[in-house]
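Report on one structure; see the data block that follows.
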2 protein chains.
Amino acid sequence: MTQTYTIGELGRLTDTKVETVRYYERIGLLPHPPRSSGNYRVYDRAHLGRLGFIRRARELGFSLEQVRELLELSGQDAQPCEQVDELVQTHVTDIERRIHDLQTLRQELTQLLAQCQHGKVAECRIIEALQPHVDGQTAA
Amino acid sequence: MTQTYTIGELGRLTDTKVETVRYYERIGLLPHPPRSSGNYRVYDRAHLGRLGFIRRARELGFSLEQVRELLELSGQDAQPCEQVDELVQTHVTDIERRIHDLQTLRQELTQLLAQCQHGKVAECRIIEALQPHVDGQTAA
DNA sequence: CTTGACCCTGTAGTGACTACAGGGTGGATA
DNA sequence: TATCCACCCTGTAGTCACTACAGGGTCAAG
């Protein structure tokens, strides 16, 4: 009655490429499953759950190292979830920094675009803005 | 009178690691410079300018492939700067998509954090949210 | 008994660097 | 002149999270 899955089925159920499932096993995120007589990997519902967890965490932008920690923490039912909180908070802060950086970038580029007169490359403000301001001096 | 630089000087002037300068040469972004009697790379102001251009474009988030195109375009003084515009516009669109994705992510995570009751891991909403909804059915 | 979909291992590629290991060069100092 | 040290050289491998083969084996259907 305990349902089993091939690697392909597991992949389909979790939207994961077969190669990726094997990769997770190689790096120790998924346990080595038992093998069939034909040397096929045989997964059960626990594997399916664990892989689902990994994939969901990845969708939320956690690194595999963070996923590893989350998996570790998720097993410690009796512990306070402080560390979980902290990990997620760190991740949010990181995301906010990235958003901010991208917004700065976007503004710089938008300004460049606005300055473009749609003339020849020679007088293009964009190209110009990329040229470093190398002055004429022959410094020692 | 034509000033020259060692790779280290070039690196300092453009805030680039020496290894990175050599890397750019290896992938053909920077030309092979002449060598000194002791086999040291000897750079001139043109190299400095080109590397400065590359670094500035990288700061603006362009990929090395895009930088390659920009360098190519920047040499065609007589051409209209339409292609430059287009490349930058594509990049802005890409950045906007990334900002949007990150904002979505941020909201999801913030909601998770807000739901956390700061209790035990067993009843943690965050861990729970990561658990896939595997139902009890034994589907064929 | 053959086809075709699936599975296996192992290796190498992606982007943009970064980090060695193991050596050579060049200028200043003792 | 010897030695020191900062710098330079080449070549290779590591990072992250996969992805893409090559070259084979397995299994169920027709």
Side-chain angles (χ1 to χ4, degrees), chain A residues 4-30 32-44 47 50-71 91 94-95 98 101 105 140, chain B residues 4-30 32-44 47 50-51 53-71 90-91 94-95 98 101 105 140:
Chain A
T4 63
Y5 311 91
T6 66
I7 195 168
E9 285 163 353
L10 208 67
R12 246 166 277 130
L13 289 167
T14 58
D15 199 22
T16 311
K17 294 224 157 77
V18 164
E19 289 93 338
T20 306
V21 179
R22 286 196 285 248
Y23 170 70
Y24 289 159
E25 179 182 333
R26 207 161 61 240
I27 64 168
L29 268 189
L30 280 178
H32 298 292
R35 300 295 183 115
S36 71
S37 58
N39 199 31
Y40 284 18
R41 287 171 178 81
V42 179
Y43 295 101
D44 61 22
H47 293 107
R50 193 172 172 94
L51 180 53
F53 187 103
I54 295 169
R55 295 303 280 178
R56 178 89 186 100
R58 290 288 301 133
E59 271 174 34
L60 289 169
F62 292 100
S63 71
L64 288 184
E65 254 342 281
Q66 288 173 320
V67 173
R68 213 184 281 276
E69 283 182 67
L70 284 170
L71 281 166
H91 185 40
D94 185 52
I95 287 170
R98 277 150 65 192
D101 288 355
L105 221 56
Chain B
T4 63
Y5 312 91
T6 66
I7 196 169
E9 285 163 353
L10 208 69
R12 247 166 276 131
L13 288 167
T14 57
D15 199 22
T16 312
K17 294 225 157 75
V18 164
E19 289 93 339
T20 306
V21 179
R22 285 197 284 250
Y23 169 70
Y24 288 161
E25 179 182 333
R26 206 160 62 241
I27 64 169
L29 268 189
L30 280 178
H32 298 293
R35 299 296 182 113
S36 72
S37 58
N39 200 31
Y40 284 18
R41 286 172 179 81
V42 179
Y43 295 101
D44 60 23
H47 293 106
R50 194 173 171 95
L51 180 54
F53 187 104
I54 295 169
R55 296 303 280 178
R56 179 87 185 100
R58 290 290 300 132
E59 271 173 35
L60 290 169
F62 292 100
S63 71
L64 288 184
E65 255 339 282
Q66 288 173 320
V67 173
R68 212 184 281 277
E69 283 183 66
L70 284 170
L71 280 166
T90 300
H91 185 40
D94 185 52
I95 287 171
R98 276 150 65 191
D101 289 354
L105 222 56

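So that the names make sense, note that chain A is the first sequence line, chain B the second, and so on, each numbered from 1.
- In this structure, A:His91 NE2 and A:Leu70 CG are separated by 9.5 Å, a value rounded to the nearest 0.5 Å.
- Residues A:Arg58 and A:Leu64 meet the side-chain proximity criterion, which asks for heavy atoms closer than 4.5 Å.
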Listing, residues 4-13 of chain A side-chain donor-acceptor contacts under 3.5 Å, not counting sequence neighbours, or none:
residue: A:Thr6; atom: OG1; partner: A:Gly8; partner atom: N; Å: 3.4
residue: A:Thr6; atom: OG1; partner: A:Glu9; partner atom: N; Å: 3.2
residue: A:Glu9; atom: OE1; partner: A:Thr6; partner atom: N; Å: 2.9

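- Each of B:Thr14, B:Asp15, B:Thr16 was checked for a side-chain hydrogen bond (donor to acceptor under 3.5 Å, both in side chains) with B:Arg55, and the lone residue meeting it is B:Thr16.
- Listed by residue number, A:Tyr23, A:Tyr24 are the residues of residues 21-30 of chain A with a heavy-atom contact under 4.0 Å to DNA chain D.
- Neither OP1 nor OP2 of C:dC7 sits under 4.0 Å from any side-chain N or O of A:Arg41.
- Distance check, rounded to the nearest 0.5 Å: OH of B:Tyr24 to CZ of B:Arg50 gives 12.5 Å.
- Expressed to the nearest 0.5 Å, how far CD1 of A:Ile95 lies from CZ of A:Phe62 amounts to 7.5 Å.
- Counting to the nearest Å, the P atom of D:dC7 and the OH atom of B:Tyr43 are 16 Å from each other.
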Can you give me the N/O atom pairs linking the protein to nucleotides 21-28 of chain C at distances under 3.5 Å, or say none if there are none?
residue: C:dG24; atom: N2; partner: B:Tyr40; partner atom: OH; Å: 2.8
residue: C:dT25; atom: O4'; partner: B:Tyr40; partner atom: OH; Å: 3.3
residue: C:dT25; atom: O2; partner: B:Tyr40; partner atom: OH; Å: 3.2
residue: C:dG26; atom: OP1; partner: B:Gly38; partner atom: N; Å: 3.4

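- Listed by residue number, B:Lys17, B:Glu19, B:Thr20 are the residues of residues 7-20 of chain B with a heavy-atom contact under 4.0 Å to DNA chain C.
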Taking N or O atoms only and anything under 3.5 Å, show me the protein contacts with nucleotides 28-30 of chain D, one pair per line.
none

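- Here the closest heavy-atom approach between residue A:Gln66 and residue A:Gly61 is recorded as OE1-O, 4.4 Å.
- In this structure, A:Arg55 reaches the sugar-phosphate backbone alone: every heavy-atom distance under 4.0 Å involves primed, P, OP1 or OP2 atoms, never a base.
- With rounding to whole Å, B:Tyr5 atom OH is found 18 Å from D:dC7 atom P.
- Straight-line distance from the CD atom of B:Glu59 to the P atom of C:dA16: 15 Å, rounded to whole Å.
- One end of the helix from C:dC1-D:dG30 to C:dA30-D:dT1 points its axis 30° away from the other end's axis, with each axis taken from 5 pairs and the angle rounded to 10°.
- We find the CZ-CG distance between B:Phe53 and B:Leu29 to be 10.5 Å, quoted to the nearest 0.5 Å.
- Smallest separation of non-hydrogen atoms from B:Ala57 and B:Val67: CB-CG2, 3.8 Å.
- A donor-acceptor contact under 3.5 angstrom links the side chains of B:His47 and B:Asp44, judged on distance only.
- A 4.5 Å side-chain heavy-atom check between B:Arg22 and B:Arg41 finds at least one atom pair inside the cut-off.
- For B:Arg58, no side-chain nitrogen or oxygen approaches OP1 or OP2 of C:dG15 to under 4.0 Å.
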Quick one: do B:Tyr43 and B:Val21 satisfy side chain to side chain contact (heavy atoms under 4.5 Å, CB included)? Show the steps, please.
-> CA-CA 11 Å; B:Tyr43 295 101; B:Val21 179; 3.6 Å; yes
